[in-house]
Amino acid sequence: MWGLVRLLLTWLGGWSCMGRLAAPAQAWAGSRGAPGPALLRTRRSWVWNQFFVIEEYAGPEPVLIGKLHSDVDRGEGRTKYLLTGEGAGTVFVIDEATGNIHVTKSLDREEKAQYVLLAQAVDRASNRPLEPPSEFIIKVQDINDNPPIFPLGPYHATVPEMSNVGTSVIQVTAHDADDPSYGNSAKLVYTVLDGLPFFSVDPQTGVVRTAIPNMDRETQEEFLVVIQAKDMGGHMGGLSGSTTVTVTLSDVNDNPPKFPQSLYQFSVVETAGPGTLVGRLRAQDPDLGDNALMAYSILDGEGSEAFSISTDARGRDGLLTVRKPLDFETRRSYSFRVEATNTLIDPAYLRRGPFKDVASVRVAVQDAPEPPAFTQAAYILAVPENKSPGTLVGQVSAADLDSQASPIRYSILPDTDPEHCFSIEPEDGTIRTAVPLDREARVWHNLTVLATEVDSSAQASRVQVAIQTLDENDNAPQLAEPYDTFVCESAAPGQLIQVLRALDRDEVGNNSRISLQGPLDPDANFTVRDNRDGSASLLLPSRPAPPRQAPYLVPIELWDWGQPALRSTATVTVSVCRCRPDGSVASCRPEAQLSPAGLSTGALLAIITCVGTLLALVVLFVALRRQKQEALMVLEEEDVRENIITYDDEGGGEEDTEAFDISALQNPDGAAPLAPGPTARRDVLPWARAPRQPRPPGPADVAQLLALRLRGADDDPSVPPYDSVQVYGYEGRGSSCGSLSSLGSGSEIGGAPGPAEPLDDWGPLFRTLAELYGAKEPPAP
């Protein structure tokens with residue numbers, strides 16, 4: 001029924017836009033190109049403004065939305081209506097004869113709100129325009145066909161817990177695609193579908209607010225609120241859309257800490273050192289983050305002396321630790337109170353306080369085996385120096401806290417007394433000297449004494465013992481340095497030559513006065529004046545010192561004022577030199593010239609003696625090396641078998657005398673016949689070297705010489721028992737000597753074995769060897 005009503009209204013609106021002509025068409029046609037006076041604008045033959053069509057209409061046939069008609073059209077069928085523009089021919093069609101305009105399909109205003117078209121009436125036969133073209137608009141009339149939507153949904157918001165009523169949470173915004181200028185299709189109203197009574201929404205703006213006070217995060221942390229937007233002003237028949245808003249309550253410090261129990265009990269052994277963890281305490285706080293941070297403290301002084309409490313890194317737990325050493329024998333339990341307090345307190349919620357809580361703590365101390373305890377944390381003792389061994393130094397004492405009757409043994413750690421200067425009585429801890437002590441060598445001795453329970457060697461403790469060596473006056477004063485000075489020949493009487501300073505290695509002597517005194521002879525060449533501050537001035541007397549070649553030796557006597565007083569003497573060397581007018585030395589005696597360099601006569605003699613000794617050692621070493629080389633070197637005239645002739649040319653044999661020097665083979669007649677007798681043993685070192693026979697000069701056959709030398713090498717007792725490689729520079733023709741090797745050569749020359757000593761004569765050590773090699777082989781069958 002409503003659809004028919006809307007269609008009728010649209011059709012009536014279209015007809016209402018039609019107009020009538022005010023002048024004939026010929027007047028319009030003649031006014032276009034005919035010259036003449038200016039013509040006034042004439043009223044068109046048709047007038048229309050706009051047509052309307054309802055969107056989303058889907059009928060079975062095209063819908064008539066309007067009609068075009070011109071006064072020129074007299075119903076004779078000569079007028080034809082044309083339609084051009086947006087959607088002409090597809091969306092909108094026109095009846096050429098009647099001018100009726102129809103819409104052929106359903107339109108959507110949200111896609112296109114209006115269409116601009118151009119209408120014209122022409123002569124059907126000639127297509128000549130009967131009317132000027134006219135533009136008109138077809139508007140798509142909106143209907144409520146789009147529900148509201150939330151383009152930014154779903155929403156998430158946060159609001160502090162315990163907020164007041166009306167606190168703004170978030171604003172939601174919906175969008176309606178319908179035409180806001182036509183009816184109430186786009187007029188939206190917001191309502192809460194889910195989330196009451198905790199939250200409300202402004203119907204016009206969509207601002208979500210808290211609806212009740214004191215919403216507690218610890219009770220419910222998150223809320224899901226459903227917001228609806230409805231068009232048509234919220235009236236019946238309107239379309240609606242919804243979205244969700246997730247509201248999270250943020251935490252505030254509205255809950256004080258609370259201990260879950262009123263009494264905590266812990267235990268700790270007495271041997272626990274400072275800093276040992278005894279236990280943990282945790283006060284419960286349902287708040288989050290910084291709002292739940294707590295600080296712990298001990299309220300009673302009794303507990304704070306023995307224990308301390310601190311907060312862990314997370315700021316939630318209290319760590320109870322030992323503050324000072326505990327003793328089961330002295331006190332067996334501690335009771336005190338611990339307070340937990342929030343570190344961050346919001347003044348807006350002070351009414352929900354106080355933000356702290358108190359709990360009681362009891363700590364029981366447990367007994368444990370303890371090492372012996374010394375009566376002092378450290379001992380400082382003293383003993384005079386130079387005392388005989390066994391002198392009492394002091395005593396250390398330790399006791400077993402678990403059992404006073406338990407025996408203790410004492411000892412000194414060896415690495416703390418490497419020189420064994422002290423000893424200790426194992427039973428009572430008495431410390432005595434083991435050697436005489438010298439304060440000037442070492443003032444303090446730091447020992448470590450070990451006390452061990454006899455019944456349990458694992459229970460032991462240590463203590464530091466510092467022993468000071470007390471000073472005694474046992475060192476006579478001495479000059480601070482050896483003084484070797486000079487004086488000018490032209491020096492005036494009473495002139496200062498040198499300031500002499502003295503020192504005393506004793507502690508008492510350094511704090512007391514040291515006196516110096518020179519020669520008391522009135523005729524002395526120099527005067528010593530005591531300055532009474534540990535120094536003296538060496539002066540010229542009223543008369544000048546007589547010139548002399550040698551330096552003056554001035555005796556100085558030194559003594560201290562200790563008990564007893566100790567004395568010593570020293571000598572100051574003074575040379576008389578010739579000086580320039582400015583006081584510098586021009587020339588001096590030999591002794592004085594060396595004195596500025598710091599070398600005395602004795603030092604020079606010592607240096608000269610050392611240098612002479614070194615030179616003598618070098619000469620002796622070189623002589624011994626040269627003698628050793630001469631003894632090891634074999635002369636060319638004595639032994640021809642060690643002469644190596646090296647050449648790179650192959651000669652023509654024995655007759656070739658140009659390839660090498662035949663004289664290098666020495667005199668062939670020099671070889672003497674071997675003395676008859678048994679062959680010497682070759683497995684032991686000979687007691688004496690066989691004398692060399694002189695070689696008579698004269699030419700002889702070289703081959704014969706080589707044969708004699710080979711036999712001599714075989715029978716020589718001084719050669720070792722291994723093969724001696726003999727190298728010769730002789731190449732003969734048809735040589736009869738065969739192999740030059742000494743191995744087996746004794747049995748090859750002449751075809752008969754040489755003389756040999758029987759193996760039985762070698763003694764019992766070689767009996768087995770004689771049995772293996774001494775027996776003759778049986779003749780072959």
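Around the CD atom of Glu481, the shell of radius 6.0 Å holds more than 12 heavy atoms that belong to other residues, nucleotides or ligands. At most 12 heavy atoms of other shown residues, nucleotides or ligands fall within 6.0 angstrom of atom CZ in Arg332. Counting non-hydrogen atoms of other residues, nucleotides and ligands closer than 6.0 Å to CG of Leu277 gives a total above 12.
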_Determine whether Asp346 and Asn253 satisfy the following criterion, side-chain hydrogen bond (donor to acceptor under 3.5 Å, both in side chains), listing intermediate values before the conclusion._
CA-CA 6 Å; Asp346 192 344; Asn253 190 10; over 6 Å; no
*Could you walk me through whether Asp438 and Thr469 pass the side-chain hydrogen bond (donor to acceptor under 3.5 Å, both in side chains) test, one step at a time?*
CA-CA 7 Å; Asp438 185 6; Thr469 305; over 6 Å; no
*For side-chain hydrogen bond (donor to acceptor under 3.5 Å, both in side chains), just list the numbers for Thr452 and Ser457, CA-CA rounded to whole Å, side-chain angles, deciding distance to a tenth of an Å, and then say yes or no.*
CA-CA 6 Å; Thr452 308; Ser457 59; over 6 Å; no
_Trace of the disulfide (SG to SG under 2.5 Å) decision for Cys577 with Cys488_ = CA-CA 5 Å; Cys577 302; Cys488 297; over 6 Å; no
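Sorted by first then second residue, the ring-ring contact (aromatic ring centres under 6.0 Å, His included) pairs that include residues 266-323, not counting sequence neighbours, are Phe307-Tyr334, Phe307-Phe336. The list of ring-ring contact (aromatic ring centres under 6.0 Å, His included) pairs with a residue in residues 385-423, not counting sequence neighbours, reads Phe422-His445. The disulfide (SG to SG under 2.5 Å) pairs that include a residue from residues 354-398 number zero, where partners must be two or more places apart or lie in different chains.
Looking at every heavy atom in both residues, Pro551 comes nearest to Thr573 through CB-CG2, 3.8 Å. Counting all heavy atoms, side chain and backbone alike, Ser335 lies closest to Asp300 at O-OD2, 4.5 Å. Smallest separation of non-hydrogen atoms from Val463 and Gln376: CG2-O, 3.7 Å.
Put simply, the side chain of Glu270 gets close to the backbone of Phe328: a donor and an acceptor are under 3.5 Å apart. Using a distance-only test at 3.5 Å, with no hydrogens or angles considered, a donor-acceptor pair links the side chain of Asp428 to the main chain of Thr430.
A distance of 15.0 Å separates CZ in Arg323 from OG1 in Thr276, rounded to the nearest 0.5 Å. Atoms OG and CD1, on Ser304 and Ile298 in that order, are 6.0 Å from each other to the nearest 0.5 Å. The CG atom of Leu503 sits 8.5 Å away from atom CG of Leu479, with the distance rounded to the nearest 0.5 Å. The line from CZ of Arg432 to OG of Ser423 is 7.5 Å long, rounded to the nearest 0.5 Å. Atom CG of residue Leu281 and atom OG1 of residue Thr311 lie 11.0 Å apart, to the nearest 0.5 angstrom. Atoms OG and CZ, on Ser411 and Arg462 in that order, are 9.5 Å from each other to the nearest 0.5 Å.
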